[in-house]
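Residues take their numbers from the sequence shown, with the count starting at 1.
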Amino acid sequence: MNQFRFDSHQSEPKFVLITTALVSGTVAAFLMLVAIKFTGLGKLLFNSTASSPQASLDYRINNTSIKDYEKTIINVYNQVKPSVVMITTDTLVEEFDFFSGPSFRKVQGLGSGVVFRKDGYILTNKHVINGVDGRKANQISVVLSNGKSYPAKIIGIDSQVDLAVLKINNENLTVPQWGDSEQVQVGQTAIAIGNPLVENLQNTVTVGVVSATGRVLNKEFELQMIQTDASINPGNSGGPLLDSSGHIIGINTAIAAESQGIGFSIPSNTVKSVANQLIQKGFVSRPGLGIFTIHFIPENVGYLEARLRRDLPVESGLFIAKVFEGTPAQKAGLIPGDIIYGVNGRRIKNDDLVREAVAKHPIGTRIKLDIYRGNRRLQISVKIGEMRKKEELK
């Protein structure tokens, strides 16, 4: 009898549990149907990769599908490829053997370039045509994308920007479009085309982003570079860096040693300015004062004082080591030993304000320099002059 009570006692909760489960399941199913209809979950479920083989190609990047992104790169490559050239140099290197005596060996260099003008003007890096180990190349050749090779003549070079203009005998070259490097933004697509390592890798394309702008690699020249993670390999030097519209935003020039994904390009606006001057005048004129200075800050002022064997009246500034003859600085009365501590009322601290002020003002503009001559304070007005230098390969 007790056993019956035990069984009879258990049957009531089983019935309650089953009823509760059925009700809960019905409510859950109803909520799921509502979610599918009104939240967009249905599209996600019924358009999955299992039901649509092409779904994996439909992910979006800023409303542009991967297919469209790939088409953009392909279009840029096809558009610019005819304008990208290969630069080869032949340099005779003298060798000496104890038994056979002196002999000569031809060493070939390789780089990239880009058409600048339809009538045969080619842009590349100065270091590309410099030959092997800094020696002057005996012969420079330009190989077009169609495989035709032409001997090249040097029109002009500029070491400060690392650019060179070459001329070949061809009047019908394909000219690319140039972009405005002032409009370049960090994160935008960067496409590099060039000839890395060896001749049979001609017109290699790599893709990345603009990693940074305004990078200064050489404080002496204050050249602001574009940094990119698009692969810039040896041989890519002189080739173009492009945006997603196929416009040139820079000329590739350097890679960071012992690193990956750090390359640098000369901004397109600088390139165009320098190239036009080299073609028209054979040299590049820049604003300048005609002084050689040593920039000192609190961290190194003690070292400079020890070298000069004198105390300096300020902890940061520019020590004038040399004033070149016939320059605006000499005409204004500046002399070696003067210390510039201010420019147009701004104190020189960590940045070289003189070079910045000169670079940002046109030739003929006057700037005011606050200087110490010994322990005396003076203010000297200096007219910015034109610094010109015609360079040749040595």
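- At a threshold of 4.5 Å between non-hydrogen side-chain atoms, the residues V284 and L163 do not count as touching.
- A side-chain donor-acceptor contact under 3.5 Å links D338 to the backbone of I335.
- The shortest side-chain heavy-atom distance between D243 and T189 does not fall under the 4.5 Å cut-off.
- Smallest separation of non-hydrogen atoms from G194 and S112: CA-OG, 3.4 Å.
- Nearest heavy atom pair, residue G333 against residue R373, reads O-NH2, 3.0 Å.
- Expressed to the nearest 0.5 Å, how far OG1 of T228 lies from CD of Q188 amounts to 9.5 Å.
- Not a single donor-acceptor pair under 3.5 Å links the side chain of T124 to the backbone N or O of G238.
- Using a 4.5 Å cut-off on side-chain heavy atoms (C-beta onward), V314 and R347 make contact.
- Under the 3.5 Å distance criterion, with hydrogens and angles disregarded, no donor-acceptor pair is assigned to the side chains of Q108 and T88.
- Of all heavy-atom pairs spanning I157 and A164, the tightest one is CG2-CB, 3.8 Å.
- Under a 3.5 Å cut-off, the side chain of N269 and the backbone N or O of D180 do not form any donor-acceptor pair.
- When side chains are defined from C-beta on, T204 does not count as touching N195, because their heavy atoms never get closer than 4.5 Å.
- In the hydrophobic cluster analysis, where Ile, Leu, Val, Met, Phe, Trp and Tyr join through side-chain heavy atoms closer than 4.5 angstrom, V274 is grouped apart from I226.
- A side chain to side chain contact (heavy atoms under 4.5 Å, CB included) with L166 holds for exactly one of I129, I155, V128; it is I129.
- By the rule that hydrophobic residues join a cluster once side-chain heavy atoms approach within less than 4.5 Å of another member, I191 and V114 end up as members of one cluster.
- In this structure, Q227 and I262 have side chains that are in contact, with non-hydrogen atoms separated by less than 4.5 Å.
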Which is it for I87 and N125 under the side chain to side chain contact (heavy atoms under 4.5 Å, CB included) test, yes or no, and what are the steps along the way? CA-CA 10 Å; I87 311 288; N125 290 141; over 6 Å; no

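- Under the rule for a ring-ring contact (aromatic ring centres under 6.0 Å, His included), the partners of Y372 that lie at least two apart in sequence or sit in another chain are Y341.
- Within a 6.0 Å radius of CZ in R377, other residues, nucleotides and ligands contribute 12 heavy atoms or fewer.
- Counting only heavy atoms from C-beta outward, the side chains of F292 and F324 approach each other to under 4.5 Å.
- Annotation for V80 and P240: closest pair CG1-CG, 4.5 Å, computed over non-hydrogen atoms.
- Cluster membership check: L318 shares its hydrophobic cluster with I371, using side-chain heavy-atom separations under 4.5 Å among Ile, Leu, Val, Met, Phe, Trp and Tyr.
- Residue pairs meeting the ring-ring contact (aromatic ring centres under 6.0 Å, His included) criterion with at least one partner in residues 105-124, sequence neighbours excluded, are F116-W178.
- Between T174 and V115, every side-chain heavy-atom pair lies at or beyond the 4.5 Å cut-off.
- Atom CD in Q177 sits 6.0 Å away from atom CD in Q79 (nearest 0.5 Å).
- Using a distance-only test at 3.5 Å, with no hydrogens or angles considered, no donor-acceptor pair links the side chain of S316 to the main chain of P298.
- Hydrophobic clustering, with ILVMFWY side chains joined whenever heavy atoms are under 4.5 angstrom apart, keeps M387 apart from V323.
- Annotation: the span from E315 atom CD to N300 atom CG amounts to 11.0 Å, rounded to 0.5 Å.
- The closest side-chain donor-acceptor pair between T91 and N138, if any, does not fall under 3.5 angstrom.
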Determine whether H295 and I297 satisfy the following criterion, side chain to side chain contact (heavy atoms under 4.5 Å, CB included), listing intermediate values before the conclusion. CA-CA 7 Å; H295 185 201; I297 54 178; 4.0 Å; yes

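- By the neighbour-count criterion of 12 heavy atoms within 6.0 Å, atom CG of N78 is densely surrounded, having more than that number from other residues, nucleotides or ligands.
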Evaluate R117 against I279 for side chain to side chain contact (heavy atoms under 4.5 Å, CB included), listing each step before the verdict. CA-CA 10 Å; R117 279 186 13 185; I279 292 172; 3.7 Å; yes

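- Environment of CD in Q185: sparse, with no more than 12 heavy atoms of neighbouring residues, nucleotides or ligands closer than 6.0 Å.
- The OG atom of S381 sits 9.0 Å away from the CG atom of N344 when rounded to the nearest 0.5 Å.
- Summarising the geometry of I168 relative to L144, their closest heavy-atom pair is CD1-CD2, 4.3 Å, with the distance given to 0.1 Å.
- The closest donor-acceptor contact from the side chain of N276 to the backbone of K272 lies under 3.5 Å.
- A continuous path of Ile, Leu, Val, Met, Phe, Trp and Tyr side chains, each step under 4.5 Å between heavy atoms, connects I367 with I380, placing both in one hydrophobic cluster.
- For the atom pair CG (L123) and OG (S83), the distance works out to 11.5 Å, reported to the nearest 0.5 Å.
- Around NZ of K368, the count of heavy atoms belonging to other residues, nucleotides or ligands within 6.0 Å does not exceed 12.
- Within the model, atoms CG of D162 and CE of M225 stand 8.0 Å from one another, a figure rounded to the nearest 0.5 Å.
- Residue E325 qualifies as open at atom CD: its count of foreign heavy atoms under 6.0 Å is 12 or below.
- Smallest separation of non-hydrogen atoms from Y150 and N169: CE2-O, 3.7 Å.
- When side chains are defined from C-beta on, I248 does not count as touching V271, because their heavy atoms never get closer than 4.5 Å.
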Is there a side chain to side chain contact (heavy atoms under 4.5 Å, CB included) between S265 and I251 once you walk through the steps? CA-CA 5 Å; S265 297; I251 294 296; 5.9 Å; no

